[in-house]
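As C-alpha coordinates, the structure follows; a few thoughts come after it.
Just so you know, ligand 1 is whichever comes first in the structure, and atom 1 is the first atom listed for that ligand. Counting from 1, the numbers follow the sequence of the chain as shown.
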Amino acid sequence: MNVIDFSKTNSLLNAFVREIRDITIQNDRLRFRRNLERIGEIMAYEISKNLSYKTISVTTPLDVAEISVPDEEIVIATILRAGLPYHHGVLNYFDSAENAFVSAYRKYKETGHQSFDIHIEYIASPDINGKTLILTDPMLATGSSMDLTYRALLTKGTPAHIHIATIIASRQAIDYCVKNFPEDKTTIWAAAIDPELNESSYIVPGIGDAGDLAYGEKT
Ligand code: URA
(Lines give C-alpha, C1' and ligand atoms only; values in the text may rest on other atoms or scores of the structure.)
Protein backbone atom coordinates (compact mmCIF):
# COMPACT_ATOMS: atom_id res chain seq x y z
CA MET A 1 0.00 0.00 0.00
CA ASN A 2 1.32 3.42 -0.89
CA VAL A 3 1.64 5.78 2.13
CA ILE A 4 2.51 9.39 1.31
CA ASP A 5 3.81 11.63 4.12
CA PHE A 6 3.92 15.23 2.86
CA SER A 7 5.91 16.45 5.88
CA LYS A 8 8.94 14.86 4.23
CA THR A 9 8.69 17.34 1.34
CA ASN A 10 9.18 21.09 1.70
CA SER A 11 6.01 22.86 0.58
CA LEU A 12 3.50 25.49 1.68
CA LEU A 13 1.40 22.67 3.12
CA ASN A 14 3.79 22.52 6.10
CA ALA A 15 3.10 26.20 6.88
CA PHE A 16 -0.65 25.47 7.16
CA VAL A 17 0.06 22.40 9.34
CA ARG A 18 2.24 24.60 11.55
CA GLU A 19 -0.69 27.00 12.07
CA ILE A 20 -3.14 24.28 13.13
CA ARG A 21 -0.58 22.86 15.58
CA ASP A 22 0.63 26.12 17.14
CA ILE A 23 -1.20 26.96 20.43
CA THR A 24 -0.67 30.68 19.79
CA ILE A 25 -2.55 30.46 16.45
CA GLN A 26 -4.88 27.43 16.51
CA ASN A 27 -7.52 29.00 18.81
CA ASP A 28 -8.62 31.43 16.13
CA ARG A 29 -11.50 29.17 14.97
CA LEU A 30 -12.10 30.87 11.66
CA ARG A 31 -8.42 30.59 10.76
CA PHE A 32 -8.30 27.00 12.05
CA ARG A 33 -11.26 25.92 9.88
CA ARG A 34 -9.84 27.72 6.86
CA ASN A 35 -6.46 26.02 7.36
CA LEU A 36 -8.15 22.59 7.43
CA GLU A 37 -9.92 23.60 4.24
CA ARG A 38 -6.69 24.85 2.61
CA ILE A 39 -4.96 21.57 3.46
CA GLY A 40 -7.96 19.73 1.94
CA GLU A 41 -7.54 21.76 -1.25
CA ILE A 42 -3.85 20.88 -1.54
CA MET A 43 -4.59 17.24 -0.74
CA ALA A 44 -7.23 17.12 -3.51
CA TYR A 45 -4.70 18.54 -5.97
CA GLU A 46 -2.11 15.92 -4.97
CA ILE A 47 -4.67 13.07 -5.20
CA SER A 48 -5.73 14.35 -8.63
CA LYS A 49 -2.28 13.46 -9.97
CA ASN A 50 -3.10 9.82 -9.19
CA LEU A 51 -6.42 9.55 -11.03
CA SER A 52 -7.07 8.24 -14.53
CA TYR A 53 -7.65 10.86 -17.23
CA LYS A 54 -9.42 11.18 -20.55
CA THR A 55 -8.79 13.72 -23.30
CA ILE A 56 -11.61 16.04 -24.30
CA SER A 57 -11.88 18.75 -26.93
CA VAL A 58 -12.84 22.21 -25.72
CA THR A 59 -13.97 24.94 -28.06
CA THR A 60 -12.35 28.29 -27.30
CA PRO A 61 -13.31 31.55 -29.09
CA LEU A 62 -10.37 30.92 -31.48
CA ASP A 63 -10.05 27.15 -31.99
CA VAL A 64 -10.33 23.78 -30.29
CA ALA A 65 -8.03 22.75 -27.41
CA GLU A 66 -7.36 19.17 -26.31
CA ILE A 67 -7.38 18.87 -22.53
CA SER A 68 -6.89 15.93 -20.12
CA VAL A 69 -9.51 15.84 -17.38
CA PRO A 70 -10.10 13.32 -14.57
CA ASP A 71 -12.12 10.30 -15.66
CA GLU A 72 -13.25 8.87 -12.32
CA GLU A 73 -16.50 9.17 -10.42
CA ILE A 74 -15.52 10.51 -7.03
CA VAL A 75 -17.31 10.23 -3.70
CA ILE A 76 -15.83 12.24 -0.82
CA ALA A 77 -16.74 10.88 2.61
CA THR A 78 -16.13 12.32 6.04
CA ILE A 79 -16.78 11.68 9.69
CA LEU A 80 -18.87 14.22 11.57
CA ARG A 81 -18.10 16.72 13.00
CA ALA A 82 -14.34 17.38 12.87
CA GLY A 83 -14.08 16.25 9.25
CA LEU A 84 -16.35 18.97 7.82
CA PRO A 85 -13.89 21.80 6.99
CA TYR A 86 -11.33 19.36 5.57
CA HIS A 87 -14.05 17.63 3.51
CA HIS A 88 -15.10 21.02 2.13
CA GLY A 89 -11.52 21.79 1.13
CA VAL A 90 -11.33 18.57 -0.91
CA LEU A 91 -14.78 19.34 -2.37
CA ASN A 92 -13.65 22.85 -3.40
CA TYR A 93 -11.40 21.20 -5.99
CA PHE A 94 -13.39 18.04 -6.82
CA ASP A 95 -16.47 20.23 -7.09
CA SER A 96 -18.56 17.69 -9.03
CA ALA A 97 -17.89 14.87 -6.56
CA GLU A 98 -20.68 13.20 -4.63
CA ASN A 99 -20.60 13.32 -0.84
CA ALA A 100 -21.06 10.90 2.04
CA PHE A 101 -21.30 11.66 5.76
CA VAL A 102 -20.99 9.28 8.67
CA SER A 103 -21.32 10.11 12.35
CA ALA A 104 -18.85 8.25 14.53
CA TYR A 105 -18.11 9.07 18.12
CA ARG A 106 -16.07 7.72 20.97
CA LYS A 107 -18.24 6.22 23.74
CA TYR A 108 -15.98 6.21 26.79
CA LYS A 109 -16.30 3.24 29.14
CA GLU A 110 -15.36 5.20 32.29
CA THR A 111 -14.70 8.78 33.38
CA GLY A 112 -10.89 8.49 33.00
CA HIS A 113 -11.43 8.65 29.21
CA GLN A 114 -8.93 5.92 28.53
CA SER A 115 -10.96 3.13 26.95
CA PHE A 116 -13.77 3.61 24.49
CA ASP A 117 -15.75 2.00 21.69
CA ILE A 118 -16.49 3.79 18.44
CA HIS A 119 -20.20 4.10 17.64
CA ILE A 120 -21.65 4.86 14.21
CA GLU A 121 -25.15 6.31 14.31
CA TYR A 122 -25.83 8.04 11.04
CA ILE A 123 -24.86 7.48 7.42
CA ALA A 124 -25.91 9.54 4.39
CA SER A 125 -24.20 8.29 1.23
CA PRO A 126 -24.79 7.85 -2.49
CA ASP A 127 -24.05 4.53 -4.22
CA ILE A 128 -20.25 4.07 -4.17
CA ASN A 129 -20.05 0.97 -6.38
CA GLY A 130 -17.11 1.17 -8.83
CA LYS A 131 -16.37 4.76 -7.78
CA THR A 132 -13.29 6.40 -6.28
CA LEU A 133 -13.82 6.86 -2.56
CA ILE A 134 -11.86 9.62 -0.80
CA LEU A 135 -12.17 9.08 2.95
CA THR A 136 -11.31 12.34 4.71
CA ASP A 137 -10.50 12.56 8.41
CA PRO A 138 -8.18 15.29 9.72
CA MET A 139 -6.99 13.19 12.69
CA LEU A 140 -6.23 9.51 12.14
CA ALA A 141 -5.56 8.48 15.74
CA THR A 142 -6.13 4.71 15.98
CA GLY A 143 -7.58 4.01 12.52
CA SER A 144 -10.65 2.31 13.98
CA SER A 145 -13.16 5.13 13.19
CA MET A 146 -11.87 5.16 9.62
CA ASP A 147 -12.19 1.39 9.40
CA LEU A 148 -15.75 1.40 10.82
CA THR A 149 -16.69 4.26 8.49
CA TYR A 150 -15.37 2.34 5.50
CA ARG A 151 -17.29 -0.79 6.55
CA ALA A 152 -20.49 1.24 7.01
CA LEU A 153 -20.03 2.69 3.51
CA LEU A 154 -19.58 -0.78 2.01
CA THR A 155 -23.36 -1.17 2.48
CA LYS A 156 -23.55 1.34 -0.43
CA GLY A 157 -21.35 -0.68 -2.81
CA THR A 158 -17.70 -1.60 -3.37
CA PRO A 159 -15.42 1.28 -4.43
CA ALA A 160 -12.87 0.78 -7.22
CA HIS A 161 -10.19 2.82 -5.41
CA ILE A 162 -9.86 4.17 -1.88
CA HIS A 163 -7.86 7.24 -0.89
CA ILE A 164 -7.49 7.78 2.85
CA ALA A 165 -6.79 11.51 3.16
CA THR A 166 -5.72 12.68 6.60
CA ILE A 167 -3.89 15.67 8.04
CA ILE A 168 -2.21 14.23 11.13
CA ALA A 169 -1.96 10.46 11.48
CA SER A 170 -0.34 8.47 14.25
CA ARG A 171 2.17 5.83 13.21
CA GLN A 172 -0.13 3.27 14.90
CA ALA A 173 -3.12 4.32 12.76
CA ILE A 174 -1.09 4.07 9.57
CA ASP A 175 -0.05 0.53 10.51
CA TYR A 176 -3.69 -0.31 11.37
CA CYS A 177 -4.99 0.97 8.02
CA VAL A 178 -2.24 -0.79 6.07
CA LYS A 179 -3.35 -4.03 7.75
CA ASN A 180 -7.13 -3.53 7.43
CA PHE A 181 -7.75 -1.81 4.08
CA PRO A 182 -7.49 -3.58 0.71
CA GLU A 183 -3.80 -3.46 -0.15
CA ASP A 184 -4.24 -3.41 -3.95
CA LYS A 185 -6.57 -0.40 -4.16
CA THR A 186 -5.85 1.87 -1.18
CA THR A 187 -3.52 4.88 -0.96
CA ILE A 188 -2.92 6.80 2.28
CA TRP A 189 -2.18 10.54 2.09
CA ALA A 190 -1.03 12.30 5.28
CA ALA A 191 0.19 15.85 5.80
CA ALA A 192 2.23 14.50 8.74
CA ILE A 193 2.70 11.26 10.66
CA ASP A 194 3.27 11.67 14.41
CA PRO A 195 4.98 9.08 16.59
CA GLU A 196 2.62 8.60 19.53
CA LEU A 197 -0.84 8.40 21.06
CA ASN A 198 -1.41 9.42 24.68
CA GLU A 199 -3.45 7.38 27.18
CA SER A 200 -6.68 9.01 25.85
CA SER A 201 -5.75 8.11 22.25
CA TYR A 202 -4.95 11.69 21.26
CA ILE A 203 -2.13 12.10 18.77
CA VAL A 204 1.15 13.45 20.22
CA PRO A 205 2.38 16.05 19.40
CA GLY A 206 -0.78 16.34 17.23
CA ILE A 207 -2.97 19.42 17.51
CA GLY A 208 -5.45 18.64 20.33
CA ASP A 209 -9.15 18.11 19.58
CA ALA A 210 -9.84 19.08 15.97
CA GLY A 211 -13.64 19.23 16.42
CA ASP A 212 -13.38 21.52 19.47
CA LEU A 213 -10.82 23.76 17.76
CA ALA A 214 -13.05 24.10 14.69
CA TYR A 215 -16.45 24.46 16.39
CA GLY A 216 -15.99 24.97 20.15
CA GLU A 217 -15.89 22.65 23.11
CA LYS A 218 -18.66 20.11 23.64
CA THR A 219 -20.07 19.10 27.02
N1 URA B 1 -9.21 13.38 17.31
C2 URA B 1 -8.70 14.61 17.51
O3 URA B 1 -9.37 15.61 17.29
N4 URA B 1 -7.43 14.73 17.94
C5 URA B 1 -6.64 13.65 18.18
O6 URA B 1 -5.49 13.82 18.57
C7 URA B 1 -7.20 12.36 17.97
C8 URA B 1 -8.48 12.26 17.54
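Taking the six-membered ring where the residue is Trp, H163 and W189 present tilted rings, their angle falling between 30° and 60°.
Judged by distance alone, with hydrogens and angles left aside, the side-chain atoms of T136 form a donor-acceptor pair with the main-chain N or O of A77 at under 3.5 Å. Within the 3.5 Å criterion, the main-chain N or O of P159 finds a donor-acceptor partner in the side chain of K185.
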Sub-3.5 Å pairs, protein N or O with ligand 1 N or O:
{"from": "ligand 1", "atom 1": "3 (O)", "to": "A210", "atom 2": "N", "distance (Å)": "2.7"}
{"from": "ligand 1", "atom 1": "4 (N)", "to": "G208", "atom 2": "O", "distance (Å)": "2.8"}
{"from": "ligand 1", "atom 1": "6 (O)", "to": "I203", "atom 2": "N", "distance (Å)": "2.8"}

Residues 116-125 side chain polar contacts: donor-acceptor under 3.5 Å, at least two apart:
{"from": "D117", "atom 1": "OD1", "to": "K109", "atom 2": "NZ", "distance (Å)": "3.4"}

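Clustering of Ile, Leu, Val, Met, Phe, Trp and Tyr by side-chain heavy atoms under 4.5 Å joins I23 with none of the others.
T9 is linked by a side chain to side chain contact (heavy atoms under 4.5 Å, CB included) to nothing, counting only residues two or more places apart in sequence or in another chain.
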